[in-house]
There are 2 protein chains.
Amino acid sequence: MSQADTVTRILDSAEQLFAEKGFAETSLRMITTRAKVNLAAVNYHFGSKKDLIQAVFARFLTPFCNKLDKEMATMAAGNPNPKLDDVLGVLAKTMLTGVTSSGQSNKLSVFMRLLGLAYTQAQGHLRRFLRDHYNGTYARFITYLRDAHPELSPKEIFWRIHFAIGACVFTMSSIEVLREMSIADTREDTGIDEVMNQLIPFLAAALER
Amino acid sequence: MSQADTVTRILDSAEQLFAEKGFAETSLRMITTRAKVNLAAVNYHFGSKKDLIQAVFARFLTPFCNKLDKEMATMAAGNPNPKLDDVLGVLAKTMLTGVTSSGQSNKLSVFMRLLGLAYTQAQGHLRRFLRDHYNGTYARFITYLRDAHPELSPKEIFWRIHFAIGACVFTMSSIEVLREMSIADTREDTGIDEVMNQLIPFLAAALER
DNA sequence: CATTGTTTTAAACGATCGTTTAAAACGAGA
DNA sequence: TCTCGTTTTAAACGATCGTTTAAAACAATG
């Protein structure tokens, strides 16, 4: 087994388990067992558990942010005054097509779940890491939103977009639980596409109003 | 120190720490140290850490659900065809006035944070506990929503209300982080009342549309 | 005051955690 | 084939976890 294999398998297992259980509830022994590598491999290749957490985020956030930056620039080049729909459309498209780190299915919910953990479970070091590495893309995105709605104050833009992020992150984070509850409630299942098809107009209505 | 004191102090500390750090990241030693009681007091009075978690939820959910049930019944008695605004208004009022378990300030964000943990960090036992004890109130509330919007399918009701719950839970769960980010973004702070004043019309627009 | 049931206390239990160590296994270049 | 840097392995480290124990302290009752 080559080094790249070992590193990748650790990242895959860690990503999956972190999204499923959170950081504290996931032990290095769970990760290395699932990855079929030796326990010491994490500390050898990454240094510490904290560094592994950052590596998991870096692996999917770096290409995602690069892609988002590029797509945003492309949109702005062909459209001097992008509206909210345009900006959010680029974001949605990037999320749907650009999140493919470990190649497993259902990647979007993992992405969302990790994003949620970053907000609610970040232990300081992760928050600092994300700010230091991805604040640029975030700031540029917010700027597009402001330009699309110059009549709204920066505050209003900030909170509306985070309300929307909240609805997305929460829904996709708890998608399994929610689908179970939905079945118990309504006696019929709801596919993820169907959830997305309801979520998008929900958010559009809330953001535009 | 009487028994009631000890039990209450443990519940207060646990509630605070769970909301702040989550279940796994909060040790019994943190809880008992903050509560200024002996370590063994948790196992003596509650049995186990899982039982303590359930007790924390029970302490604020039981009076909350009782109050919500009563307020809903009162509303329905005086209003044969409550609209969405009425139903959500009762919910909001109950949340703002009825969440006062440990008497500390900023209780609403603790309530929301714990609610979020119940969805995203529930380890099975908690999910079962909540379903067994509070599913009645939940079902009744959903019924009011359905009656208020008979033209919507049960599925649509279910998902819209959970998108809304997501925006609330996420926002209030990460309120400290978000306020920091907002200050960095906009160079001005946002009070919690102000956040609520933006959140409510946001949700209203999304639910009604 | 003595007794009895309840609560608190200090100490220890075994289990599991993240991390470290040192030797073994491996692989490419001389 | 031998060498040397890299990677993997098994074992152990100290720390911390939830839980248990048995004795001490307490409070109420006779």
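Within every chain, numbering begins at 1; the chains are lettered A, B, ... in the order of the sequence lines, protein sequences first and strands thereafter. We use all heavy atoms of the structure for the numbers below, so side chains are in, but hydrogens, waters and symmetry mates are not.
- The CG atom of B/D5 sits 19 Å away from the P atom of C/dT6 (whole-angstrom rounding).
- Nearest approach of A/C168 to A/M112, heavy atoms of both residues: CB-CE, 3.9 Å.
- If you check D/dG18, D/dC17, C/dC17 against the side chain of B/K49, the one that comes closest is D/dG18.
- For A/R29, counting side-chain heavy atoms from C-beta on, the closest listed nucleotide (D/dA12, D/dA10, D/dG18) is D/dA12.
- Spacing between atom CG of A/L28 and atom C1' of D/dC17 amounts to 16 Å, rounded to whole angstrom units.
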Chi angles and distances behind the salt bridge (Lys or Arg N to Asp or Glu O under 4.0 Å) call for B/E15, B/R59: CA-CA 10 Å; B/E15 181 180 83; B/R59 184 174 63 152; 3.5 Å; yes

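- The side chain of B/S27 contributes an N or O atom lying less than 4.0 Å from OP1 or OP2 of D/dC17.
- For the pair B/H133/B/T62, no side-chain contact is recorded, criterion being any heavy-atom separation below 4.5 Å from C-beta on.
- As a whole-Å value, the separation of B/L52 CG from D/dG18 P is 10 Å.
- In the set C/dT20, C/dT8, D/dT19, C/dT8 carries the atom at the smallest distance from any side-chain atom of B/T6.
- The nearest whole Å value for the distance from the CZ atom in B/R9 to the P atom in C/dT8 is 10 Å.
- Between A/T26 and B/Y44, the residue whose closest nucleotide on DNA chain C is further toward the 5' end is B/Y44.
- The separation between B/F46 atom CZ and D/dG18 atom C1' is 15 Å, rounded to whole Å.
- Residue B/T32 is out of contact with every strand shown, counting any heavy-atom pair closer than 4.0 Å.
- Within the structure, a side-chain polar atom (N or O) of B/H45 is placed less than 4.0 Å from OP1 or OP2 of C/dT8.
- In this entry the distance linking CG of B/N38 with P of D/dA23 reads 17 Å, nearest Å.
- The distance from atom CG of A/L39 to atom C1' of D/dA11 is 11 Å, rounded to the nearest whole Å.
- Going from atom CD1 of B/I31 over to atom P of D/dT16 covers 17 Å, rounded to whole Å.
- Taking only side-chain nitrogens and oxygens, B/S48 never comes nearer than 4.0 Å to OP1 or OP2 of D/dG18.
- Under the 3.5 Å distance criterion, with hydrogens and angles disregarded, a donor-acceptor pair is assigned to the side chains of A/D185 and B/Y138.
- In this structure, the ring of B/F111 has its center less than 6.0 angstrom from the ring center of B/F64.
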